[in-house]
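Here's the structure, in C-alpha cells; my notes come after.
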2 protein chains.
Amino acid sequence: MKPLGARSIAHDPVIRRLNALCALDDQAIAALHDELNRTFSVRSRQELLHEGQEILRCMLVVRGWAARTRCVEDGRRRIINVVLPGYLVGYPGLKRGLASSTVVAITDVLLCTAPDSSVSPALAKAYAISRALDEAHLLGQITRLGRLNAQERIQDLLLELLERLELGGLAREGRFTIPLTQEMLADALGLTPVHVNRMLQQARQAGELSWHGGQVVLHDPKAIRRKVGRLKVRVSRPLI
Amino acid sequence: MKPLGARSIAHDPVIRRLNALCALDDQAIAALHDELNRTFSVRSRQELLHEGQEILRCMLVVRGWAARTRCVEDGRRRIINVVLPGYLVGYPGLKRGLASSTVVAITDVLLCTAPDSSVSPALAKAYAISRALDEAHLLGQITRLGRLNAQERIQDLLLELLERLELGGLAREGRFTIPLTQEMLADALGLTPVHVNRMLQQARQAGELSWHGGQVVLHDPKAIRRKVGRLKVRVSRPLI
DNA sequence: CGATCCATTGATTCTTATCAAAATAGGTGG
DNA sequence: CCACCTATTTTGATAAGAATCAATGGATCG
C-alpha cells in the first residue's frame with residue numbers, strides 16, 4: 001500500500017474533494033488510494049451511463065468532465081448538469097438501481113470504483129453530502145433557468161463551476177480550465193449558441209470575465225455572486 | 001386496529017399512491033392507518049419546512065397541496081415543484097437532515113408522520129421509489145424550463161400533475177382539481193402571469209383544455225404527450 | 001359595501017431565436 | 001512545415017416570443 005499523508009490528500013482532486021466534504025480517516029484514504037490504482041477510462045463523447053440502464057456499481061470520476069443529459073426525441077439533448085472530478089456516478093450503497101439520466105463524457109474521463117461506504121463512516125458521510133450537494137445543484141439549475149436572464153445564467157453557472165472545482169483544488173482565484181464549448185453551455189442554459197457567444201463578449205467587454213483557449217477567469221467572483229443573488233452552497237453540514 | 005381491506009386501500013390517496021408505487025403488505029397498511037389517525041394540519045400559506053431548517057421527522061402529505069420553493073433575495077419566490085397527497089416531506093430514515101428548500105402550503109394541508117421504513121420492506125421500497133420519482137420530476141422540470149416554449153411548458157406541467165394525481169386516484173379522464181393560481185403556475189414555469197393567461201386562453205380556444213373554477217380538464221392527454229414529447233414516468237421499477 | 005385577490009385585455013418594449021455566412025482555431029496527414 | 005479538414009467562434013440581419021406597464025372586470029370575504 002502507498003504511504004499516506006497530507007501530501008497525497010492535497011494532490012488528488014478526488015480525495016481532496018471528498019475530504020473537504022467530510023474529513024476522511026485513514027481507512028477511507030487507504031480504500032480510495034487502493035481504487036485509484038485501478039482506474040479505467042472512457043473516451044470523450046462516449047456514454048458512462050444510459051438512461052434506464054442498470055447501474056452495477058457506483059463510480060468516482062477521477063479526471064475529466066462529464067455531463068448528465070436527457071435525450072430527447074428530436075435528436076437534441078439537454079444538459080442537466082456537469083459531473084466533475086471527485087463526483088459520484090451512480091448511487092452509493094445501492095445495487096441494481098436504474099439510471100435516471102444519461103451521462104456522457106465531455107473530455108476523456110478517468111474513473112474508478114467508489115469504495116463501499118462500509119469501509120468508513122467518514123466516507124459514508126462524504127458520499128451523503130456529495131449526493132445532497134448534487135440535489136442542491138439541481139435546484140440551482142431550476143432557479144437559474146426559471147429566474148435569470150441570459151447574461152446572469154451564464155455567470156451564475158460559471159460561478160457554480162468555480163465553486164465546485166475549488167473543492168477539488170481545480171480552480172483558484174476565479175480561474176479554471178473549462179472543456180465546454182459555447183454550444184454545450186447553451187444546451188445547459190436553454191439558450192442558443194449564438195446568444196451565448198454574444199453575452200460572453202458583452203461580459204468580456206464589461207471586464208467581468210475572460211474566456212480564451214479553454215481558460216476561464218472570473219475577475220470578481222464576489223461581485224458576480226452579489227449581482228446574480230447567488231448563495232454559496234454550504235458544505236460544512238449535510239444539506240439533507 | 002381498524003379492519004383492513006381493499007376498500008380502505010382504494011379510498012385513501014396516501015395508501016393508494018404508495019400501494020401503486022409498491023404493493024403494500026398488511027404491516028405497512030396497518031402502520032399507515034395508525035398514523036392517519038393522528039394527523040395535524042398546516043394552514044394555507046404557512047411553511048411546512050424552511051430552507052436550512054433541521055428536519056426532525058419525515059412526514060406524509062395526507063390532503064392538500066404544497067410547493068417546494070427557493071426563496072430569493074428580491075422577495076420573489078421560485079416554485080421548484082409541487083407536493084401532492086401521498087408525497088413525502090423530508091427524508092425517510094434520516095435523522096437531523098437539513099431542508100434543501102422551503103416547503104409552503106398552497107392549500108390547507110393535512111399531514112401525518114411517515115411510518116418508519118423498518119415496519120415493512122414494501123413500505124421502504126415505496127419510499128425509495130417515491131424519492132426516485134421526485135428526482136425524476138426535478139429533471140423533468142429542468143427539461144421543461146430549458147427546452148419548451150410557454151405553451152408547451154404549461155401543457156407539460158399540467159400533464160405531469162395529471163399523471164401524478166392519477167396515482168393517488170385524485171384525477172380521472174384528464175380531469176382534476178387544481179388549487180394553483182395562474183401566478184403560481186407562472187412562478188413554476190419561469191413566465192409572467194400575464195403570459196400564462198394568454199397561453200391558457202389560446203389552449204382553450206384550440207380546444208386542448210379547459211380550466212374554470214379550479215377544475216382542469218385535458219381533453220386529449222395522449223395528444224398533448226405526443227406534442228410536447230413527454231415520456232410517461234415509469235413506476236413499475238425504481239428509477240434509481 | 002369596500003377591500004382584496006384573481007383573471008383578463010391592450011399597447012409597447014426588450015430579449016432571445018432564427019437564418020445565413022464568414023472568420024478562426026485545432027487537428028491530421030502528407 | 002504546410003495544406004486541408006472539421007469544429008468552433010464570431011458577425012449581421014430579421015423575426016418571434018415573452019416581459020412590462022397599465023388598467024378593467026369578476027369574484028369572494030369580512
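To find a chain, count down the sequence lines: A is the first, B the second, and so on, and within it residues start at 1.
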Shorter than 3.5 Å, N or O on both sides, protein versus nucleotides 24-30 of chain D: list them out with atom names.
none

Please list, one pair per line, the donor and acceptor atoms closer than 3.5 Å that link side chains of residues 206-218 of chain B to other protein atoms, with sequence neighbours excluded.
| from | atom 1 | to | atom 2 | distance (Å) |
| --- | --- | --- | --- | --- |
| B:Glu208 | OE1 | B:Gln155 | NE2 | 2.7 |
| B:Glu208 | OE2 | B:Lys227 | NZ | 3.2 |
| B:Gln215 | NE2 | B:Thr177 | OG1 | 2.7 |

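Shown here is A:Arg175, whose CZ atom has no more than 12 heavy atoms of other residues, nucleotides or ligands within 6.0 Å. Around atom CD of A:Glu173, no more than 12 heavy atoms belonging to other residues, nucleotides or ligands sit under 6.0 Å away. The environment of CZ in A:Arg38 is crowded: more than 12 heavy-atom neighbours from other residues, nucleotides or ligands sit within 6.0 Å.
Pairs engaging residues 210-224 of chain B under the salt bridge (Lys or Arg N to Asp or Glu O under 4.0 Å) rule: none recorded [sequence neighbours left out].
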Going 5' to 3' through nucleotides 4-19 of chain C, assign each nucleotide B (protein heavy atom under 4.0 Å from a base atom), S (under 4.0 Å only from sugar-phosphate atoms) or - (no protein heavy atom that close).
--SSBBBB----BSBB
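At least one side-chain heavy atom of A:Trp65 sits less than 4.5 Å from a side-chain heavy atom of A:Ile178. Within the 4.5 Å cutoff, side-chain heavy atoms of A:Cys58 are placed close to those of A:Leu88.
Every residue meeting the salt bridge (charged side-chain N to carboxylate O under 4.0 Å, His left out) condition with A:Arg164, not counting sequence neighbours, appears here in chain and number order: A:Glu160.
At whole-Å resolution of the value, CD in A:Gln215 and P in C:dA25 are 16 Å apart.
Each of A:Thr102, A:Leu111, A:Val104 was scored for a side-chain contact (heavy atoms from CB on, under 4.5 Å) with A:Leu48, with one residue passing: A:Leu111.
The pair A:Glu166-A:Arg17 does not meet the salt-bridge criterion, since no charged nitrogen lies less than 4.0 angstrom from a carboxylate oxygen.
Counting only Watson-Crick or G-U wobble pairs whose defining distances are both under 3.5 Å, the stems of 3 or more consecutive pairs in DNA chain D are C:1-30 with D:1-30.
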